[in-house]
Amino acid sequence: MPTILGQNQYGKAENRVVKITRDGATHHIKDLNVSVALSGDLEEVHLSGSNANCLPTDTTKNTVYAFAKEYGIESAEQFGIHLARHFVSSQEPIKRARIRIEEYSWERIETADGNSRFIGAEEVKHSFVRKGQETRLTEITYDGENWQVISGLKDLVVMNSTNSEFWGYIKDKYTTLTEAYDRILATQVASRWRFNWTSDEQRMPNWERSYEQVKKHMLQAFAETYSLSLQQTLYQMGSRIINNRSEVDEIRFSLPNKHHFLVDLEPFGLKNDNEVYYAADRPYGLIEATVLRDGVEAQIPMDLTNL
(Lines give C-alpha, C1' and ligand atoms only; values in the text may rest on other atoms or scores of the structure.)
Protein backbone atom coordinates (compact mmCIF):
# COMPACT_ATOMS: atom_id res chain seq x y z
CA MET A 1 0.00 0.00 0.00
CA PRO A 2 1.53 3.39 -0.99
CA THR A 3 2.38 5.82 1.79
CA ILE A 4 3.08 9.54 1.98
CA LEU A 5 5.05 11.63 4.46
CA GLY A 6 2.95 13.74 6.79
CA GLN A 7 3.84 16.59 9.12
CA ASN A 8 7.41 16.40 10.32
CA GLN A 9 9.87 18.44 12.34
CA TYR A 10 13.17 17.93 14.09
CA GLY A 11 15.55 19.72 16.41
CA LYS A 12 17.36 19.50 19.72
CA ALA A 13 15.13 19.27 22.79
CA GLU A 14 15.76 20.40 26.37
CA ASN A 15 18.96 22.38 26.02
CA ARG A 16 19.67 23.59 29.55
CA VAL A 17 21.38 26.99 29.46
CA VAL A 18 22.25 29.09 32.49
CA LYS A 19 23.40 32.65 31.80
CA ILE A 20 25.19 34.61 34.52
CA THR A 21 25.28 38.38 34.04
CA ARG A 22 27.91 40.06 36.18
CA ASP A 23 27.21 43.65 37.13
CA GLY A 24 30.28 44.21 39.28
CA ALA A 25 29.75 42.22 42.45
CA THR A 26 26.05 41.82 41.68
CA HIS A 27 25.16 38.78 39.61
CA HIS A 28 21.91 37.98 37.77
CA ILE A 29 20.73 34.52 36.65
CA LYS A 30 18.62 33.35 33.73
CA ASP A 31 18.02 29.58 33.79
CA LEU A 32 16.26 28.17 30.71
CA ASN A 33 15.34 24.81 29.22
CA VAL A 34 15.15 25.42 25.45
CA SER A 35 13.66 23.05 22.86
CA VAL A 36 14.05 23.75 19.13
CA ALA A 37 11.82 22.23 16.42
CA LEU A 38 12.39 23.01 12.73
CA SER A 39 10.29 22.15 9.68
CA GLY A 40 10.41 22.92 5.96
CA ASP A 41 11.78 21.23 2.83
CA LEU A 42 12.81 18.06 4.61
CA GLU A 43 11.13 15.36 2.57
CA GLU A 44 14.33 13.84 1.18
CA VAL A 45 15.96 13.27 4.54
CA HIS A 46 13.02 10.98 5.31
CA LEU A 47 12.47 9.44 1.86
CA SER A 48 16.01 8.93 0.55
CA GLY A 49 18.20 9.66 3.55
CA SER A 50 19.77 12.72 1.89
CA ASN A 51 20.93 15.19 4.54
CA ALA A 52 21.48 18.04 2.08
CA ASN A 53 18.73 20.17 3.65
CA CYS A 54 19.29 19.01 7.23
CA LEU A 55 20.88 21.33 9.77
CA PRO A 56 22.29 19.00 12.44
CA THR A 57 20.50 19.05 15.76
CA ASP A 58 23.92 19.46 17.37
CA THR A 59 24.21 22.76 15.52
CA THR A 60 20.89 23.94 16.94
CA LYS A 61 22.20 23.09 20.41
CA ASN A 62 25.38 25.06 19.83
CA THR A 63 23.35 28.01 18.54
CA VAL A 64 21.38 28.16 21.79
CA TYR A 65 24.56 28.49 23.84
CA ALA A 66 26.24 30.90 21.41
CA PHE A 67 23.19 33.17 21.37
CA ALA A 68 23.13 33.23 25.18
CA LYS A 69 26.56 34.82 24.97
CA GLU A 70 26.00 36.95 21.86
CA TYR A 71 22.58 38.39 22.70
CA GLY A 72 22.20 37.65 26.39
CA ILE A 73 18.83 36.58 27.79
CA GLU A 74 16.65 39.62 28.37
CA SER A 75 13.57 37.41 28.63
CA ALA A 76 12.57 33.91 27.57
CA GLU A 77 10.38 35.39 24.84
CA GLN A 78 13.07 37.67 23.45
CA PHE A 79 15.63 34.84 23.46
CA GLY A 80 13.21 32.55 21.63
CA ILE A 81 12.49 35.26 19.05
CA HIS A 82 16.23 35.65 18.31
CA LEU A 83 16.56 31.88 17.82
CA ALA A 84 13.46 31.47 15.63
CA ARG A 85 14.42 34.39 13.39
CA HIS A 86 17.94 33.01 12.97
CA PHE A 87 16.94 29.49 11.96
CA VAL A 88 14.33 30.61 9.41
CA SER A 89 16.34 33.47 7.91
CA SER A 90 19.75 31.76 7.76
CA GLN A 91 18.73 28.33 6.42
CA GLU A 92 16.78 28.37 3.13
CA PRO A 93 15.23 24.88 3.56
CA ILE A 94 13.87 25.79 7.02
CA LYS A 95 10.44 27.43 6.65
CA ARG A 96 9.20 27.34 10.23
CA ALA A 97 10.80 27.33 13.65
CA ARG A 98 9.14 26.60 16.97
CA ILE A 99 11.03 27.42 20.16
CA ARG A 100 9.67 26.16 23.48
CA ILE A 101 11.24 27.46 26.67
CA GLU A 102 10.80 26.69 30.35
CA GLU A 103 12.29 29.26 32.72
CA TYR A 104 13.31 28.43 36.28
CA SER A 105 13.42 31.44 38.56
CA TRP A 106 15.97 32.21 41.25
CA GLU A 107 15.91 34.80 43.99
CA ARG A 108 18.79 36.32 45.85
CA ILE A 109 19.67 34.97 49.31
CA GLU A 110 19.74 37.71 51.91
CA THR A 111 22.60 37.27 54.34
CA ALA A 112 23.04 38.51 57.86
CA ASP A 113 25.20 41.57 58.45
CA GLY A 114 27.58 39.55 60.55
CA ASN A 115 28.13 37.00 57.83
CA SER A 116 28.66 39.73 55.26
CA ARG A 117 31.38 41.28 57.37
CA PHE A 118 32.95 37.88 58.03
CA ILE A 119 33.54 37.20 54.34
CA GLY A 120 34.76 40.71 53.73
CA ALA A 121 31.83 42.06 51.74
CA GLU A 122 29.24 44.65 52.55
CA GLU A 123 26.49 42.52 50.99
CA VAL A 124 26.45 39.14 49.26
CA LYS A 125 25.00 39.53 45.77
CA HIS A 126 25.92 36.24 44.15
CA SER A 127 24.02 33.63 46.18
CA PHE A 128 20.56 32.44 45.12
CA VAL A 129 17.82 30.04 46.12
CA ARG A 130 15.58 28.44 43.52
CA LYS A 131 12.04 29.84 43.61
CA GLY A 132 9.50 27.11 44.13
CA GLN A 133 6.26 28.75 43.04
CA GLU A 134 5.96 28.02 39.35
CA THR A 135 7.78 27.35 36.10
CA ARG A 136 7.49 30.03 33.46
CA LEU A 137 6.78 28.90 29.88
CA THR A 138 6.86 30.32 26.39
CA GLU A 139 6.48 29.00 22.84
CA ILE A 140 7.60 31.11 19.86
CA THR A 141 6.66 30.10 16.31
CA TYR A 142 7.96 31.94 13.22
CA ASP A 143 7.46 31.22 9.51
CA GLY A 144 9.53 34.05 8.06
CA GLU A 145 6.65 36.54 8.11
CA ASN A 146 4.35 35.97 11.07
CA TRP A 147 5.02 35.42 14.75
CA GLN A 148 2.99 33.58 17.33
CA VAL A 149 3.99 33.93 20.98
CA ILE A 150 2.21 31.81 23.57
CA SER A 151 3.52 32.20 27.10
CA GLY A 152 2.35 30.78 30.38
CA LEU A 153 3.16 28.98 33.59
CA LYS A 154 2.66 25.66 35.33
CA ASP A 155 2.78 24.28 38.87
CA LEU A 156 1.45 27.45 40.51
CA VAL A 157 -0.36 26.08 43.59
CA VAL A 158 -2.99 28.36 45.14
CA MET A 159 -5.60 27.95 47.88
CA ASN A 160 -8.57 29.79 49.36
CA SER A 161 -9.42 28.47 52.83
CA THR A 162 -12.97 29.89 52.63
CA ASN A 163 -15.30 31.92 50.35
CA SER A 164 -15.94 28.83 48.26
CA GLU A 165 -19.12 26.76 47.91
CA PHE A 166 -20.34 23.92 45.72
CA TRP A 167 -24.01 22.94 45.73
CA GLY A 168 -27.11 22.72 43.52
CA TYR A 169 -25.51 20.19 41.15
CA ILE A 170 -27.15 17.24 39.37
CA LYS A 171 -27.79 14.24 41.63
CA ASP A 172 -28.45 10.70 40.52
CA LYS A 173 -28.26 7.27 42.16
CA TYR A 174 -24.45 7.36 42.02
CA THR A 175 -24.08 10.75 43.72
CA THR A 176 -22.55 10.64 47.21
CA LEU A 177 -20.93 14.08 47.36
CA THR A 178 -22.32 16.28 50.12
CA GLU A 179 -23.18 19.85 49.22
CA ALA A 180 -20.63 22.32 50.58
CA TYR A 181 -21.39 25.88 51.69
CA ASP A 182 -17.91 26.60 53.07
CA ARG A 183 -15.01 24.67 51.59
CA ILE A 184 -11.33 24.88 50.74
CA LEU A 185 -10.70 25.71 47.08
CA ALA A 186 -7.22 24.76 45.88
CA THR A 187 -5.69 24.15 42.48
CA GLN A 188 -2.37 23.83 40.66
CA VAL A 189 -2.56 26.32 37.83
CA ALA A 190 -1.35 25.47 34.33
CA SER A 191 -2.04 28.32 31.95
CA ARG A 192 -1.06 29.57 28.50
CA TRP A 193 -1.85 32.97 27.04
CA ARG A 194 -1.44 34.22 23.47
CA PHE A 195 -0.13 37.65 22.60
CA ASN A 196 -1.59 39.71 19.75
CA TRP A 197 1.92 40.68 18.65
CA THR A 198 2.33 38.85 15.32
CA SER A 199 4.50 41.12 13.15
CA ASP A 200 7.79 43.00 13.33
CA GLU A 201 5.79 46.06 12.29
CA GLN A 202 4.00 46.05 15.64
CA ARG A 203 5.38 47.37 18.89
CA MET A 204 6.78 44.42 20.85
CA PRO A 205 5.41 43.88 24.37
CA ASN A 206 7.59 44.24 27.44
CA TRP A 207 7.79 40.51 28.06
CA GLU A 208 9.06 40.64 31.64
CA ARG A 209 6.50 43.19 32.83
CA SER A 210 3.72 41.43 30.95
CA TYR A 211 4.43 38.14 32.73
CA GLU A 212 4.50 39.82 36.13
CA GLN A 213 1.23 41.64 35.46
CA VAL A 214 -0.60 38.61 34.04
CA LYS A 215 0.38 36.57 37.08
CA LYS A 216 -0.66 39.42 39.40
CA HIS A 217 -4.14 39.69 37.87
CA MET A 218 -4.49 35.91 37.86
CA LEU A 219 -3.76 35.69 41.58
CA GLN A 220 -5.87 38.70 42.48
CA ALA A 221 -8.88 37.27 40.66
CA PHE A 222 -8.44 33.93 42.40
CA ALA A 223 -8.26 35.61 45.80
CA GLU A 224 -11.10 38.09 45.25
CA THR A 225 -13.70 35.80 43.65
CA TYR A 226 -16.35 34.37 45.96
CA SER A 227 -16.47 31.02 44.24
CA LEU A 228 -19.54 28.87 43.60
CA SER A 229 -17.47 26.58 41.35
CA LEU A 230 -13.89 26.28 40.13
CA GLN A 231 -15.27 26.94 36.65
CA GLN A 232 -16.54 30.32 37.80
CA THR A 233 -13.18 31.16 39.35
CA LEU A 234 -11.37 30.14 36.14
CA TYR A 235 -13.52 32.49 34.08
CA GLN A 236 -12.93 35.37 36.48
CA MET A 237 -9.16 34.79 36.33
CA GLY A 238 -9.16 34.82 32.54
CA SER A 239 -11.49 37.80 32.27
CA ARG A 240 -9.39 39.87 34.67
CA ILE A 241 -6.31 39.28 32.53
CA ILE A 242 -8.02 39.99 29.19
CA ASN A 243 -9.60 43.18 30.57
CA ASN A 244 -6.35 44.50 32.06
CA ARG A 245 -3.66 43.38 29.61
CA SER A 246 -4.24 44.69 26.09
CA GLU A 247 -1.38 42.61 24.67
CA VAL A 248 -3.17 39.32 25.53
CA ASP A 249 -6.06 38.11 23.34
CA GLU A 250 -6.56 34.58 24.62
CA ILE A 251 -5.81 32.58 27.76
CA ARG A 252 -6.35 28.91 28.50
CA PHE A 253 -6.37 27.22 31.89
CA SER A 254 -6.07 23.66 33.11
CA LEU A 255 -7.05 23.60 36.79
CA PRO A 256 -7.00 20.32 38.72
CA ASN A 257 -9.24 20.61 41.78
CA LYS A 258 -6.95 19.73 44.67
CA HIS A 259 -9.69 18.32 46.87
CA HIS A 260 -9.68 18.84 50.64
CA PHE A 261 -12.23 16.75 52.54
CA LEU A 262 -13.35 17.27 56.12
CA VAL A 263 -12.16 14.52 58.44
CA ASP A 264 -14.92 12.78 60.44
CA LEU A 265 -13.89 13.33 64.05
CA GLU A 266 -17.17 12.21 65.64
CA PRO A 267 -15.83 8.72 66.50
CA PHE A 268 -13.43 10.53 68.84
CA GLY A 269 -16.11 12.70 70.39
CA LEU A 270 -14.83 15.79 68.55
CA LYS A 271 -16.66 18.31 66.38
CA ASN A 272 -14.88 19.29 63.16
CA ASP A 273 -15.93 22.89 62.59
CA ASN A 274 -14.27 23.26 59.15
CA GLU A 275 -10.85 22.99 60.76
CA VAL A 276 -9.28 19.61 59.96
CA TYR A 277 -9.09 18.28 56.38
CA TYR A 278 -7.28 15.57 54.51
CA ALA A 279 -5.83 16.45 51.10
CA ALA A 280 -6.62 13.89 48.39
CA ASP A 281 -4.08 13.88 45.54
CA ARG A 282 -6.12 11.65 43.17
CA PRO A 283 -8.50 11.24 41.54
CA TYR A 284 -9.27 14.89 41.02
CA GLY A 285 -11.65 17.04 39.06
CA LEU A 286 -9.94 18.69 36.08
CA ILE A 287 -11.42 21.98 34.93
CA GLU A 288 -10.25 23.38 31.57
CA ALA A 289 -11.42 26.33 29.50
CA THR A 290 -10.29 29.18 27.25
CA VAL A 291 -11.18 32.84 27.80
CA LEU A 292 -11.05 35.09 24.73
CA ARG A 293 -11.24 38.74 23.86
CA ASP A 294 -14.55 39.34 22.08
CA GLY A 295 -14.17 38.87 18.31
CA VAL A 296 -10.98 36.79 18.58
CA GLU A 297 -10.66 33.20 17.39
CA ALA A 298 -9.04 30.61 19.65
CA GLN A 299 -5.58 29.49 18.56
CA ILE A 300 -4.07 27.92 21.67
CA PRO A 301 -4.22 24.14 21.18
CA MET A 302 -6.60 22.49 23.63
CA ASP A 303 -4.02 19.85 24.53
CA LEU A 304 -1.26 22.34 25.31
CA THR A 305 -2.15 22.67 28.99
CA ASN A 306 -4.04 19.54 29.94
CA LEU A 307 -2.61 16.61 31.84
Residue pair Ser151 / Glu77, side-chain donor-acceptor N/O under 3.5 Å
yes

For atom CD of Glu14, decide whether the heavy atoms of other residues, nucleotides or ligands shown that lie under 6.0 angstrom number more than 12.
no

Charged N-O contact under 4.0 Å between Lys215 and Glu134
yes

If you measure only the distance, is there a donor-acceptor pair under 3.5 Å linking the side chains of Trp193 and Asp249?
no

Pairwise distance CG(Leu156) to CG(Leu255) - rounded to 0.5 angstrom
10.0 Å

What do you reckon, is OH of Tyr277 surrounded by more than 12 foreign heavy atoms closer than 6.0 Å?
yes

Check whether any side-chain N or O of Asn160 sits under 3.5 Å from a backbone N or O of Thr162 as a donor-acceptor pair, and report yes or no.
no

Would you call the rings of His82 and Tyr71 parallel, tilted or perpendicular if under 30° counts as parallel and over 60° as perpendicular?
parallel

Would you compute the distance between atom NE2 of His28 and atom NZ of Lys19 and round it to the nearest 0.5 angstrom?
10.5 Å

Short side-chain donor-acceptor distance under 3.5 Å, Thr233 and Thr225
no

Among Val34, Val64, Asp31, side-chain contact (heavy atoms from CB on, under 4.5 Å) partner for Arg16
Asp31

Is there a donor in the side chain of Glu288 and an acceptor in the side chain of Ser254, or the other way round, less than 3.5 Å apart?
yes

Ignoring hydrogens and angles, state whether a donor on the side chain of Thr141 or Arg98 is under 3.5 Å from an acceptor on the partner side chain.
no

Hey, could you give me the CD/CZ distance between Glu297 and Arg194, rounded to the nearest 0.5 Å?
9.0 Å

Can you see whether Asp41 engages Asn53 through a side-chain donor-acceptor pair at a distance of less than 3.5 angstrom?
no

Aromatic plane relationship, Phe195 with Trp207 - under 30° parallel, 30 to 60° tilted, over 60° perpendicular
perpendicular

Result of checking Ile101, Leu32, Asn33 against Val17 for side-chain contact (heavy atoms from CB on, under 4.5 Å)
Leu32

For residues Tyr211 and Gln213, is any side-chain donor paired with an opposing acceptor at under 3.5 Å?
no

Main chain of Thr26, side chain of Asp23: is a donor-acceptor contact present, judged purely on distance under 3.5 Å?
no

When the aromatic ring centroids of Tyr278 and His260 are compared, is their separation below 6.0 Å?
no

Going by distance alone, is a donor N or O of one side chain under 3.5 Å from an acceptor N or O of the other, for Ser210 and Glu247?
yes

Between the side chains of Asp172 and Thr175, does any donor sit under 3.5 Å from an acceptor?
yes

Can a donor-acceptor pair be found between the side chains of Asn146 and Thr198 at a distance below 3.5 Å?
no

Among Arg252, Gln148, Glu250, side-chain hydrogen bond (donor to acceptor under 3.5 Å, both in side chains) partner for Gln299:
Gln148

